[in-house]
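These notes are about the structure you will find just below.
The chains referred to below are lettered A, B, ... by the order of the sequence lines, with proteins before strands, and numbering in each begins at 1.
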There are 4 protein chains.
Amino acid sequence: MPRVSEEHLERRRQQILDAAQTCFARKGLHTTTMQDVFAESGLSAGAVYRYFKSKDHLIAALTTEATVDLHAAMSEAVYSDPLPTPPELMHTVAEAVVRLSTPGGAVRLIPQAWSLALTDPNIADYVRTNMAGVRKLWFDYTRRMVDIGWLPPDADTDAVAKTLLGLLPGFILQYLIMGDVDPETLTHGVEQLFPTFRHTAVAPG
Amino acid sequence: MPRVSEEHLERRRQQILDAAQTCFARKGLHTTTMQDVFAESGLSAGAVYRYFKSKDHLIAALTTEATVDLHAAMSEAVYSDPLPTPPELMHTVAEAVVRLSTPGGAVRLIPQAWSLALTDPNIADYVRTNMAGVRKLWFDYTRRMVDIGWLPPDADTDAVAKTLLGLLPGFILQYLIMGDVDPETLTHGVEQLFPTFRHTAVAPG
Amino acid sequence: MPRVSEEHLERRRQQILDAAQTCFARKGLHTTTMQDVFAESGLSAGAVYRYFKSKDHLIAALTTEATVDLHAAMSEAVYSDPLPTPPELMHTVAEAVVRLSTPGGAVRLIPQAWSLALTDPNIADYVRTNMAGVRKLWFDYTRRMVDIGWLPPDADTDAVAKTLLGLLPGFILQYLIMGDVDPETLTHGVEQLFPTFRHTAVAPG
Amino acid sequence: MPRVSEEHLERRRQQILDAAQTCFARKGLHTTTMQDVFAESGLSAGAVYRYFKSKDHLIAALTTEATVDLHAAMSEAVYSDPLPTPPELMHTVAEAVVRLSTPGGAVRLIPQAWSLALTDPNIADYVRTNMAGVRKLWFDYTRRMVDIGWLPPDADTDAVAKTLLGLLPGFILQYLIMGDVDPETLTHGVEQLFPTFRHTAVAPG
DNA sequence: TATGAATGAGCGTTCATTCAT
DNA sequence: AATGAATGAACGCTCATTCAT
């Protein structure tokens, strides 16, 4: 029964990706076997291998997939008007992290991708690309901070962006491993460390 | 070669741990085979298994070992006099990260331990313990910040500590994966985000 | 070679069982390696493990299998008409033992199963079940002996059955280890020890 | 500290044999490791290997050792005066079996030796020798039966001896594996199957 | 004599991948 | 397009044995 619709193909692909994410988030990248993925997806070995030509390809695909929702949430916040203060922004992002950290959630794959990137050059490329994409948002944010006067015109926006972004892994890890932080923790911490950023003029809705 | 000194035993143990760290840092926890460890250590299978009863035990031992140097460096900074400002402290810690990130360095194991902790409850215990140990340092630091007047007496020191600690994973990952941050980046970022903390009275040398 | 008939699966299973029996009978349960079984069966490791999930499962399956032919031979004799005399019955059973004791024969596995049952509770269950099944035949036989008048109505048929069954291991072991007994030996021995059992009336066909 | 007394050597040897018997009876010949024996005996690897040059030598020594007590018990009964009837003899022997079947008891090694003899020619020699020794007792017994008139002068004493001996393995196995026979069971079974053997003249004490 | 650390061949088992159907 | 039986290299680990001390 050849000649199948593009849509069918895409649905199959997503079905496999979903199954793999569930498995990987639950058991880990290496501990999950392809047989696990076959079982979770309800598809045969041959079917899965038609869509992803190796386990590594599946991992690579998910590595990218894992950050898209988080990226979207951050993107919305960073470009919103009026510009959120750093505590506000961190709160929004932290909430997205929590939302995407359910069992099987995409955020649970992120630390695994970081880890893999340290020893697998192939995965490192994907992870670097994703991290660069996220960091771009923070660069834009810090530039908007300058525009708005929250940072001086000669501020080292690069360093500020990298530093702010750096708070995110710390939150993800403490949330997933220690389980004793929540968005408010991060927000309060930032509020007390940073000076108060205040909108001098209310931006029009 | 029986009836061997306690010291000999300890040296052997360390020899294995060193070999394993080199392998794990280079190839990753799962990709490293015990054969790799045998070869790197110059010991036989039986010899290694005399000291560590499984690969998991070796991983667990290294998981703990991986943070001791970093912990020591942080400890020295946190309890030093006069109290370092946050940018100063971050600089010290970031430099320790860099120093311990050489090929085969202990810091390269840390993200792998984080990753493993998400799916292996056994390792999670070790990682939690280590993370709690490090966080204790930051709690102490934030309490000293209050004592010195850098934070108000009613500051949420818990949140501040968790937030500050959170900068560390971000630095480690950006340093190891992106390679475009250095201790100065972090220091500058923190300097520009945080208000200036100044010692009002010079502590006696 | 997927989507294979039930029959094919059963044939494969039997192919493995046959190979394993040959190996086990030749080299012993513990001395036989799985590699031996792969080689003897002409199948790969993976193929064998698809049908039996461990060496122990293979042993358990063969432990049961080892007695079925003997059980069948005994069953036929025990329920035949007219009732065979004890010497006749022993002769029939002894002949079955001899027939099944060729190199690679099932009977060669039986003492190994007995041995294993003494220290492996898992195998002990299988062996007990099989032994109980065989003993049931002797219980039925002794009850028929009572019916026919060869034993008094108040005879301790339980003890008689256990005693008669007890002759079997002795024959098997002397046949396999000493090699100087044959069905006639047993028959003669029983004839001379036991009183003459005679059918007083010819049973109708 | 060289030049140790003969007696000391023999004591050490026995110490090892005892430890090995305990282990073998508990875990089985193959499952028991030499490390188990070292631990049970409280001796070092080197010490054990000074007395037995391989695990196989230890097994061979125990294989012979396993039947000596049983042999002695049977010997006493067979040569006693007046001649015990078959039921009496079986009772005596069965009681010896029970007595020597405690955890760690020698009888628990016997079926393991039978099993090993089927595939290990070296052990088969030992087992054959032991079995021949035991059978010699039964030959003598059946000859005494003829002398006393319990069997006709032209009786096939060889077949009778082999048949009677054959009851022993059956009892041992049913006792060890099924656990639902005792000396009385065997005695009753023999009594009911065999004609009554009666001493026509009382033998002088 | 006695020790016990060290050896290393070889075990049982797994699992990413292929390909005949 | 889809199946799933089959492959086999390679894994983690064991344990009888040796020999420097």
When the distance from [atom1] of [X] to [atom2] of [N] is rounded to whole Å, what number comes out?
X: D:Tyr51; N: F:dT17; atom1: OH; atom2: P; result: 18 Å
X: A:His8; N: F:dA1; atom1: NE2; atom2: P; result: 9 Å
X: B:Arg13; N: E:dA5; atom1: CZ; atom2: C1'; result: 16 Å
X: D:Leu43; N: E:dA2; atom1: CG; atom2: C1'; result: 9 Å
X: B:Arg12; N: E:dA5; atom1: CZ; atom2: P; result: 11 Å
X: C:Glu6; N: F:dG4; atom1: CD; atom2: P; result: 13 Å
X: C:Arg50; N: F:dG8; atom1: CZ; atom2: C1'; result: 14 Å
X: D:Glu7; N: E:dT1; atom1: CD; atom2: P; result: 15 Å

[X]: partners by side chain to side chain donor-acceptor pair (under 3.5 Å), with sequence neighbours left out:
X: D:Thr129; value: none
X: B:Asn130; value: none
X: C:Lys53; value: none
X: A:Arg26; value: A:Glu40

Distance-only criterion, 3.5 Å: show the donor-acceptor pairs between side-chain atoms of residues 58-66 of chain C and protein atoms not counting sequence neighbours.
residue, atom, partner, partner atom, Å
C:Thr63, OG1, C:Ile59, O, 2.8
C:Glu65, OE2, C:Gln14, NE2, 3.1

Close side-chain approach of C:Thr32 and C:Lys27, heavy atoms under 4.5 Å: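 Result yes, sub-4.5 Å side-chain heavy-atom pair found.
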Pairing string, 5' to 3', for DNA chain E - Watson-Crick or wobble contacts under 3.5 Å, brackets [ ] where pairs cross, | to another strand: .||||||||||||||||||||
Review item, nucleotides 13-16 of chain F N/O atoms under 3.5 Å of protein N/O:
residue, atom, partner, partner atom, Å
F:dC13, OP2, B:Tyr49, OH, 2.7
F:dC13, OP2, B:Lys55, N, 2.7
F:dC13, O5', B:Tyr49, OH, 3.3
F:dA16, OP1, D:Lys55, NZ, 3.4
F:dA16, OP2, D:Met34, N, 2.4
F:dA16, N7, D:Gln35, NE2, 3.1

Summary of salt bridge (charged side-chain N to carboxylate O under 4.0 Å, His left out) pairs that have at least one residue in residues 13-23 of chain B, sequence neighbours excluded: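 Residue pairs passing salt bridge (charged side-chain N to carboxylate O under 4.0 Å, His left out), neighbours aside: none found.
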Salt bridge (charged side-chain N to carboxylate O under 4.0 Å, His left out) contacts touching residues 115-127 of chain A (sequence neighbours left out):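 Sorted pair list: A:Asp125-A:Arg128.
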Residues from residues 14-29 of chain C lying under 4.0 Å of DNA chain E - heavy atoms: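 Close to the strand, none.
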Pairs flagged by side chain to side chain donor-acceptor pair (under 3.5 Å) wherever residues 105-116 of chain D is involved - sequence neighbours left out: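 Residue pairs passing side chain to side chain donor-acceptor pair (under 3.5 Å), neighbours aside: none found.
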Exercise: do A:Ser5 and A:His8 side chains pair donor with acceptor under 3.5 Å: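 No donor-acceptor contact under 3.5 Å links the two side chains.
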Atom pairs and distances, donor-acceptor, side-chain atoms in residues 42-52 of chain C, under 3.5 Å, two or more places apart:
residue, atom, partner, partner atom, Å
C:Ser44, OG, C:Ala47, N, 3.2

